[in-house]
Peer 1: 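Here it is, the structure in full.
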Protein chains: 2
Amino acid sequence: MEEKLQNKENMTISDVAEALGVSKTTVSRAISGKGRVGATTRNKVLSYIEKHNYKPSTVAKGLAQSRTYNICVTIPSDCGVSEQLFFQSVVAGMCNYLALRDYDVVVASISDMDISNLKRIVSNHKVDGVIVSRTYRNGIIVEYLKESHIPFVTLGLCNDKEVAQIDCDHREGCKELTSLLLMRGMKKIGLIGGDTRHMVTQSRYQGYLDAFKELGLEADQQLIYENSITAVLVENAVEELMVQQADCILCMDDSICNFVLHKCSHDGIIIPEDLKVASFFNSSILENHRPAITCLNFDNNEEGVIAAKTILDLLDGKEVPNVKKLGYQVIINNSTK
Amino acid sequence: MEEKLQNKENMTISDVAEALGVSKTTVSRAISGKGRVGATTRNKVLSYIEKHNYKPSTVAKGLAQSRTYNICVTIPSDCGVSEQLFFQSVVAGMCNYLALRDYDVVVASISDMDISNLKRIVSNHKVDGVIVSRTYRNGIIVEYLKESHIPFVTLGLCNDKEVAQIDCDHREGCKELTSLLLMRGMKKIGLIGGDTRHMVTQSRYQGYLDAFKELGLEADQQLIYENSITAVLVENAVEELMVQQADCILCMDDSICNFVLHKCSHDGIIIPEDLKVASFFNSSILENHRPAITCLNFDNNEEGVIAAKTILDLLDGKEVPNVKKLGYQVIINNSTK
DNA sequence: CTGTTAGCGCGTTCAA
DNA sequence: TTGAACGCGCTAACAG
């Protein structure tokens, strides 16, 4: 009777020990695998907890080890559609990898200047490490994390050699895509860029410039529209670029590209006949567009996995590279034919 | 010297107590506000921890109170664009509300049939409650949560009167929108629906039917295309509906609508002249579309807030309504003019 | 109003 | 190979 009721809500390691007539220590060792236990006792313990569905409390375990088994990830609440899709994939990748090591993901919703959620989580000792999912030119997040001495990694560069950074090599990718277009004979390639406060915007911009430089050309500043973070700004940029007779428009991300495509379709601009279009990103927003859009492809899910792997290495005291570069693919489609 | 170094990494409540010559209990009470402490001592403690930047460990506090101060939210990893946007808003709302109560959000990335992450989190005792962000016709998640006796709420209906459910009244909203279109004289209103395994799809479908019934009409089954979860399926549906000379297409969500719009634009179908289009959702994907799309508008962020509020009420032992209905807006735009 | 004593559930010494 | 005792950092019950 008592035996059966052992399937109670909160069975503890003591209950198991008592029921089996062994000590808590033995149970603990049998479960964790650390410290030697007789094969017989081990099996006895394991089969018992299996049958009675006992699982140790990660919280108590964490307290005893001064760990939480939680990793915090920052998610900007003020961001465009394609970025949201990006974060979602990243988080999924992280979750799945961390789960393998019994770690979980705690979300810190942050906005432009308000990182109070992050601060609360860190100062409450709720996580062992932080993954910063986007870096900014102003480094307030990095600054804060450094001074609170919590291990962290960033997705994106951050101009600080001491920080472990994961970067998809946007610069190189954007350079390659831009070069390709230049070599296909396009002369007036407009660039519609995103929020310049984000580091990734910088990288993409640099890549764009690199391509021109490498070919001994000079980028025309008149064709560059940065901070086009609203539909209206993008539309204005498109209009001005058409007046300037640009033959191609490069969009820094898919949200921008989406606006460009809407604008073109509305104004009767035919792609690629009247104008070529390409994007420095590849989200599912443009997935089904006709013509298919030339773009760069990054594996967001893998970024999450790598970030998770890196932060755990950091927690284990392993050496991690300052900047870990991830690859990309250039996908040429009909929009630049 | 020691005094200044008190700003050390892991200051504990004992350090504070010792430094101030009081007991840990007093410090604890001064901080939590529970139990009476002399105003003088309280201020002494508060100013000390303020100055030395001490914050109690939520983990230890949780262990002592048999709580974790964490709420789990399930996020489907296999979902369309507009759904992803939905989840992101919901999570942001939850985070911000829970933060007010010192709670945090732990993410369980789940997929179609694999809820192992959720199971791990729950059985490891890592959270006090769960918010299920989408309900399914098959109730494996609800079933699991019920038998593990952890408090939870669902976003969406779940056919189980014992479960606390938050519902945006999709049924009523869809009915209203459909009625409006019928009353505007549209006769052949096609419906392109989503994944029928999701409860929300059912609700929307019912709302569509309700509208016909209320007007004494009968919905034409030939005009209904369910499970159109890929671009190709949606496109086929559009083609067939055009052949059937439908005068309007209702899309169950914005991803579907997006595909419909792409298809129309590609096939030269002019909206609203050749065809009216409306969506049962309103995400930022269609934000800038021309013509603007008639749709239903839900406040996703608020859904998250309400869900968070409800789960905390549940944890506090308060009574919560079985089904909490949230409002919606019908937004009439040029796409149905 | 404050301090002492026990736990919360587990890991980890140190002996045996 | 096993167990007893202690500690992780904090709250709660019970004094005084």
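Within every chain, numbering begins at 1; the chains are lettered A, B, ... in the order of the sequence lines, protein sequences first and strands thereafter.
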Peer 1: Would you indicate, yes or no, if D:dG9 has its OP1 or OP2 atom less than 4.0 angstrom from a side-chain nitrogen or oxygen of B:Tyr54?
Peer 2: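 Answer is no, no contact under 4.0 Å.
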Peer 1: Considering only C:dC10, D:dT2, D:dC10, which nucleotide approaches the side chain of A:Val37 most closely?
Peer 2: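 Looking only at side-chain atoms, A:Val37 lies closest to D:dT2.
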Peer 1: Looking at the side chain of B:Arg29, which of C:dG3, D:dT11, D:dG3 is the nearest nucleotide?
Peer 2: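 In terms of side-chain proximity for B:Arg29, the closest of C:dG3, D:dT11, D:dG3 is C:dG3.
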Peer 1: Distance from A:Arg134 atom CZ to A:Ile110 atom CD1, nearest 0.5 Å?
Peer 2: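 It comes to 7.5 Å.
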Peer 1: Can you tell which of D:dT11, C:dT2, C:dC10 lies closest to the side chain of A:Ser57?
Peer 2: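 The answer is C:dC10, which lies nearest to the side chain.
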Peer 1: Provide, to the nearest angstrom, the distance between the CG atom belonging to B:Asp102 and the C1' atom belonging to D:dC10.
Peer 2: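 Answer to the nearest Å: 14 Å.
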Peer 1: Is A:Arg101 salt-bridged to A:Asp316, cutoff N-O under 4.0 Å?
Peer 2: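 Salt bridge present between A:Arg101 and A:Asp316.
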Peer 1: Strictly below 4.0 Å: does A:Thr12 bring a side-chain N or O up to OP1 or OP2 of C:dC8?
Peer 2: no
Peer 1: Rounded to the nearest Å, what distance is computed from the CZ atom of residue B:Arg42 to the P atom of nucleotide C:dC1?
Peer 2: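 So the two atoms are 9 Å apart, to the nearest Å.
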Peer 1: Nearest whole Å is fine: how far is D:dC8 C1' from A:His125 NE2?
Peer 2: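 Checked: the NE2 to C1' distance equals 13 Å.
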Peer 1: Of the nucleotides C:dT12, D:dG3, D:dG9, which one has an atom closest to the side chain of A:Ser28?
Peer 2: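 Nearest listed nucleotide: C:dT12.
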Peer 1: Both A:Gln65 and B:Gln65 contact DNA chain C. Taking the nearest nucleotide for each, which residue is further toward the 5' end?
Peer 2: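 The answer here is B:Gln65.
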Peer 1: Compare side-chain N and O positions of A:Ser23 against OP1 and OP2 of D:dG3 and report whether any pair is under 4.0 Å apart.
Peer 2: yes
Peer 1: Please confirm whether the backbone N or O of A:Ile306 pairs with a side-chain atom of A:Lys324, one donor and one acceptor, at under 3.5 Å?
Peer 2: no
Peer 1: Which whole-number value in Å describes the distance from A:Leu63 CG to D:dG7 P?
Peer 2: 14 Å
Peer 1: Restricting to non-hydrogen atoms, name the atom on B:Val320 and the atom on B:Ala164 that form the minimum distance, rounded to 0.1 Å.
Peer 2: CG2-CB, 3.9 Å
Peer 1: For B:Arg36 and D:dT11, give me the distance from atom CZ to atom P, rounded to whole Å.
Peer 2: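 Interatomic distance, CZ of B:Arg36 to P of D:dT11: 19 Å.
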Peer 1: Could you tell me how far apart B:Lys61 (NZ) and D:dA12 (C1') are, to the nearest whole angstrom?
Peer 2: 14 Å
Peer 1: Is NZ or CZ of A:Lys126 both nearer than 6.0 Å to the six-membered ring centre of B:Tyr69 and within 45° of the ring axis?
Peer 2: no
Peer 1: Quick one: B:Lys24 NZ to C:dG3 P, roughly how many Å, whole number?
Peer 2: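 My rounded result for the distance is 13 Å.
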Peer 1: Would you kindly give the CZ-to-P distance between B:Arg67 and D:dC10, to the nearest whole Å?
Peer 2: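 To the nearest whole Å, that distance equals 16 Å.
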Peer 1: Using heavy-atom distances to pick each residue's nearest nucleotide on DNA chain C, tell me which of B:Gly21 and A:Ser32 is more 5'.
Peer 2: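 Nearer the 5' end of the strand: B:Gly21.
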Peer 1: For B:Val59 and for B:Lys34, locate the closest nucleotide of DNA chain D by heavy-atom distance; then report the residue assigned to the nucleotide nearer the 5' terminus.
Peer 2: B:Val59
Peer 1: So, is B:Thr25 near the phosphate of C:dT2, with a side-chain N or O under 4.0 Å from OP1 or OP2?
Peer 2: no
